[in-house]
Amino acid sequence: MNGNRINRRAALRTMLYIAAGTMVLPACFRESGSKTIGLVNMTINEEQELLLAEVVETLIPSSQTPGAKELLLHLFVLKMVDDCHSPEDQRNFTEGLEGFAAMEDPATGTKFINLSPADRLRFLKQIGDQDNDKITMFYSMTKRRCIQGYMNSKNVMTDLKKYELIPGRYIADFKIG
Amino acid sequence: MSNINFKNIKDRQFDAIVIGSGASGGWAAKEFAEKGLKTLVLERGRNVEHVKDYPTTNMYPYEFDHRLETTYTDKQINPIANSCYAYKEDSQHFFVKDHEHPYIQEKEFDWIRGYQVGGKSLLWARQTQRWSEYDFQGPERDGFAVDWPIRYDDIAPWYSYVERFVGISGNRDGLDTLPDGEFLPAFPLNPVEDHFRKSIQTKFKNRYIISARCAHLSKPEPIHIEQGRVQCQNRTLCQRGCPFGGYFSSNASTIPWALKTGNLTLRPHSVVHSIIYDDKAGKAIGVKVIDTESLEELDFFANVIFVNAATLNTNLILLNSKSNRFPNGLGNDNDLLGKYVAFHNYTARITAEYDGLLDYRTDGRNPAGGGYIPNFRNVRKQETDFLRGWAAGFGANRGNVQDRSGVGAELKTSLLDNSKWGNWNVHSHMMAETIPKEGNTVWLDAQKTDKWGVPLLHISIDYASDDWARRDDYYEQMTAMYEAAGFTNIKTSNDPRRPGNDIHEMGGVRMGHDVKTSLLNRWNQLHQCQNVYVTDGACMTSTGTQNPTLTYMALTARAVDHAVKSLKTGTI
C-alpha cells in the first residue's frame with residue numbers, strides 16, 4: 001500500500017512534467033525556493049501553496065481512497081483561478097488567501113495551519129459566518145474548483161464513478177432498484 | 001492531390017467547381033463526382049481528415065487542462081466563438097476565432113463559423129426535420145417575402161434520396177406538419193418525455209411531441225457501412241468529430257465518398273475572392289482564388305459553379321463578383337442581393353420539475369437529445385395577430401443528487417454517492433420562424449479588406465417586435481402544456497442570444513419566380529447567370545421552424561441533378 005503510494009507519487013510527478021510541459025510541480029517536490037508553480041497572473045508563494053494543500057485536503061480528505069492533496073487539487077485550484085477567472089477574482093483570491101492564513105480560530109486563537117485535522121474541519125465550517133468578504137470569496141472559489149477537480153479526476157472518473165467515454169447504449173426507461 | 005501543378009492552366013480546368021465543403025458543399029461534391037464530372041472543391045480552411053484530424057476525440061475529461069472550460073483570456077479575445085454552446089476546450093480548433101476573421105457588426109450579430117474541410121458539419125446539432133407543404137406555402141399565404149418557386153412535392157423525393165445516404169433516426173409519426181422520411185429507428189423518448197407526449201395528445205388538439213429526428217446511425221444500413229461508418233455509440237461528444245462516423249458530417253461521409261470516385265480534387269487553403277463572369281460568353285467561367293499559404297492568386301475554370309460557402313460568405317462572394325455586366329454583384333440587377341436575410345429566434349427557454357415516474361431514470365446517453373415539438377401555431381390558418389409560429393426542443397433528465405454543502409468526509413461521501421436521485425428536470429427551448437425583412441441585410445465595405453484582399457462584410461440584422469410576440473406565445477402555450485402535464489416549479493427565461501447565435505442565418509440570395517423579386521430560380525440557378533447555383537442557406541426564401549441543414553442537402557442534390565442534365569443538353 002505504502003509502496004503503491006510512493007509509486008503513484010513518482011508517476012504523478014512524471015505525468016505532470018509531461019502533461020503540463022511547463023513546471024507545474026507541488027512545493028514538496030521542489031528543491032527549495034519561495035516561487036511557486038508556473039502561474040501566469042497570480043503570485044503564490046510556497047507557504048501559501050502548502051496552506052492551500054491543507055485546505056483542499058480538509059475539504060476532501062484521504063481515506064481508503066486518495067484525498068485532495070494526493071490528487072494535487074490545490075494545484076488544480078490555482079491553475080483554474082489563474083487561467084479561467086477574471087483579474088478581479090484573482091485579486092480577491094490572493095487577498096482572501098492572505099486573510100485566511102492570518103485568521104485565527106475564535107475557539108483556540110490558533111491559525112488554520114497549526115490546527116489538528118478535526119479543528120481544521122470545524123474552522124472551515126464557520127468560514128461563512130465571518131464577515132470578511134475576500135476570505136469568503138477565496139473559500140468558495142477554492143471549494144468549487146476543488147470539487148470540480150475531484151469529480152473530474154482520473155481517480156474518480158475511472159476507479160470510483162466510472163465515466164463512460166463510449167456508452168454504446170441509451171436505455172430510456174431504466175428501472176431503479 | 002497536393003502535387004498537382006496548378007500553374008498549368010489545364011490543371012485548373014474542371015467540369016464543376018464547388019465553393020465550400022460543409023454539409024451542402026459536400027453533397028454537391030458527392031453528386032458531381034458520382035456522375036463522373038471532374039470536380040474541384042475549394043475550401044478556405046485547412047483539411048480535416050476523418051478520424052485522423054480529430055485530436056481530442058478520445059480524450060477523457062481529466063485529460064483537458066481546464067476540464068473543458070475555455071480560459072478567461074480566450075473569452076476576452078473571442079467572445080463570439082465563446083458564445084456558441086458547442087465551443088469548448090475539446091472543440092475550439094474547429095471554430096473561427098473572432099480576431100482572425102473580423103467583420104463589421106452594424107448591429108450585434110454572432111457569426112459562428114467553421115473554416116475547415118467539413119465546415120460546420122463537424123459541429124452541427126444534427127437535428128433533421130423535413131419542411132412541410134405549409135412551410136413552402138407560408139410566404140404566399142401570409143403575404144411576406146416572395147412566393148417559394150417550389151412546393152413540398154418538388155423536394156420530397158430529394159429528401160428521401162439524401163436521408164437514405166445520411167442516415168436519419170426517427171419515427172414515422174404521420175404528421176402532415178412534419179412529413180415522415182426514410183428513417184432508421186428513433187431514439188426513444190424517456191418515461192417523462194413520453195408522459196408529456198401523452199398528456200399533450202389528450203388535452204390539446206393538433207399538438208404533438210415526437211422523438212427528435214437526428215442524423216445519427218441508430219442502426220446502420222449497408223450504404224452507411226460502405227461509407228466506413230458504424231452505429232452511433234451514444235458518446236454525445238459529436239463536436240470533437242466522431243471516430244465511428246456515428247453522425248453525418250462531410251468528413252465522415254460525402255467527401256471521402258466523392259474522393260473514392262477519383263473525380264474529386266479537394267483544395268483546402270483556398271479563399272474564393274470572386275466568381276469570374278465572361279461578358280462575351282454571357283456566363284460564369286471560373287473562380288478567382290487566393291491561396292492562403294502562398295498568397296498566390298489563381299483562377300480556376302469550370303462549366304458550372306456551385307456556391308456553398310455558408311449563407312453569409314455566399315452573399316459576400318456574390319457581392320464581390322463584380323463585372324461590367326454586373327457592377328453590383330453577380331446576378332444582382334434588382335439590388336436584392338444581401339437583403340431579406342433571416343434566422344431563427346432562439347431566445348426563450350422554459351424549465352420545470354416533475355416528481356412522478358421516480359422509479360425510472362435513463363442509462364447511457366441520447367444523441368437525439370429528447371423530444372421535438374413541431375410547430376402547431378398558424379399552420380392551417382392564421383390564429384394569432386403575429387405571423388407564423390415556433391417549434392421547440394423538449395427533454396427530461398434526471399441526475400444524482402449531491403449535497404455539496406458539507407466539508408471533509410461528509411462532503412467526500414456525498415460526492416461519491418450514486419444512490420440518490422432527484423426529481424426529473426424538464427426543459428425546452430424555442431426555435432421560432434422569423435420573417436425576412438429588407439432591412440436585415442449584409443454588404444461589403446468599400447475600403448477595408450481582410451488579409452487576402454477580400455472586402456470585409458457589414459452585417460445589419462436584428463430582431464423585430466413580431467419576434468417578441470411569437471416568444472410571448474411560446475411562454476404562454478408551453479406554460480399551459482407544462483401545467484397540463486403536472487410539471488411544477490415552471491420557470492420561463494429569456495435566453496439573451498444575439499441574432500446569428502442560432503447558427504441558422506438564411507437568405508440574401510433568395511429563390512423566387514422572377515428576376516425582379518428574387519436572385520435564384522426554382523432550380524437554385526441565378527436567374528441571370530444560369531451556370532451558377534446557390535444551394536446553401538443563402539437560397540432560402542423563408543426560414544420555417546425546422547433545423548435547415550437537411551433542406552440544404554436535399555436542394556443541393558436536386559440542383560446537381562438539374563445542372564448535370566442541363567450541361568448535357570447544353571442549356572447552361
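All values below were derived from every heavy atom in this structure, side-chain atoms included, with hydrogens, water molecules and symmetry-related copies excluded. Lettering of chains follows the sequences in order, A, B, ..., and the numbering in each one begins at 1.
Distance check, rounded to the nearest 0.5 Å: CG of B:N366 to CD1 of A:I171 gives 12.0 Å. In this structure, CZ in A:R169 is found 10.0 Å from OG1 in B:T362, a value given to the nearest 0.5 Å. The line from CG of B:N190 to CZ of A:F174 is 14.0 Å long, rounded to the nearest 0.5 Å. Rounding to the nearest 0.5 Å gives a distance of 9.5 Å between CG of B:N234 and OH of A:Y170. Expressed to the nearest 0.5 Å, how far OH of B:Y62 lies from CG of A:N155 amounts to 10.0 Å. For the atom pair B:E63 CD and A:N152 CG, the distance stands at 12.0 Å (nearest 0.5 Å).
Across every non-hydrogen atom of B:G406 and A:K143, the tightest pair is O-NZ, 2.8 Å. Annotation for B:K412 and A:S63: closest pair NZ-OG, 2.8 Å, computed over non-hydrogen atoms. Taking every heavy atom of both residues into account, B:L358 and A:I176 meet most closely at O-CD1, 3.8 Å. Closest approach of A:M157 and B:P61 over heavy atoms only: CE-CG, 3.5 Å. Looking at every heavy atom in both residues, A:P61 comes nearest to B:G408 through CD-C, 3.4 Å. B:N58 and A:L165 make their closest contact through O-CD2, 3.5 Å (heavy atoms, listed as atom of the first residue, atom of the second, distance).
Residue with the most contacts toward chain B among A:L59, A:L160, A:L121: A:L59 (heavy-atom pairs, distance under 4.5 Å). By number of non-hydrogen pairs under 4.5 angstrom with chain B, the leading residue of A:I60, A:V40, A:I166 is A:I166. The candidate with the highest count of non-hydrogen atom pairs below 4.5 Å against chain B, out of A:G149, A:A68, A:A172, A:S86, is A:A172. Highest contact tally toward chain A, considering only B:T71, B:D359, B:D74, B:T73, is held by B:D359 [criterion: heavy-atom pairs under 4.5 Å].
For B:F244, the part sitting under 4.5 Å from any heavy atom of chain A is the side chain, from C-beta outward, and nothing else. For chain B, no part of A:R122 is nearby; none of its heavy atoms comes within less than 4.5 Å. Heavy atoms closer than 4.5 Å to chain B are found in the backbone of A:S153, but not in its side chain. Heavy atoms closer than 4.5 Å to chain B are found in the side chain of A:V156, but not in its backbone. Heavy-atom distances place the side chain of A:Q148, and not its backbone, under 4.5 Å from chain B.
Within the 3.5 Å criterion, the main-chain N or O of B:Y60 finds no donor-acceptor partner in the side chain of A:K154. Put simply, the side chain of A:K79 never gets that close to the backbone of B:D65: no donor and acceptor are under 3.5 Å apart. Under the 3.5 Å distance criterion, the side-chain polar atoms of A:K161 are matched with a main-chain donor or acceptor of B:L415. In terms of modelled atom types and a separation under 3.5 Å, the side chain of B:K75 and the main chain of A:C84 share no donor-acceptor contact.
The neighbour count for A:E88 CD, taken as heavy atoms of other residues, nucleotides or ligands under 6.0 Å away, does not exceed 12.
At a threshold of 4.5 Å between non-hydrogen side-chain atoms, the residues A:N41 and B:Y72 do not count as touching. Looking at heavy atoms from C-beta onward, A:I147 lies in side-chain contact with B:L411 at the 4.5 angstrom threshold. Taking the side chain as every heavy atom from C-beta outward, A:P167 and B:R235 approach each other to under 4.5 Å.
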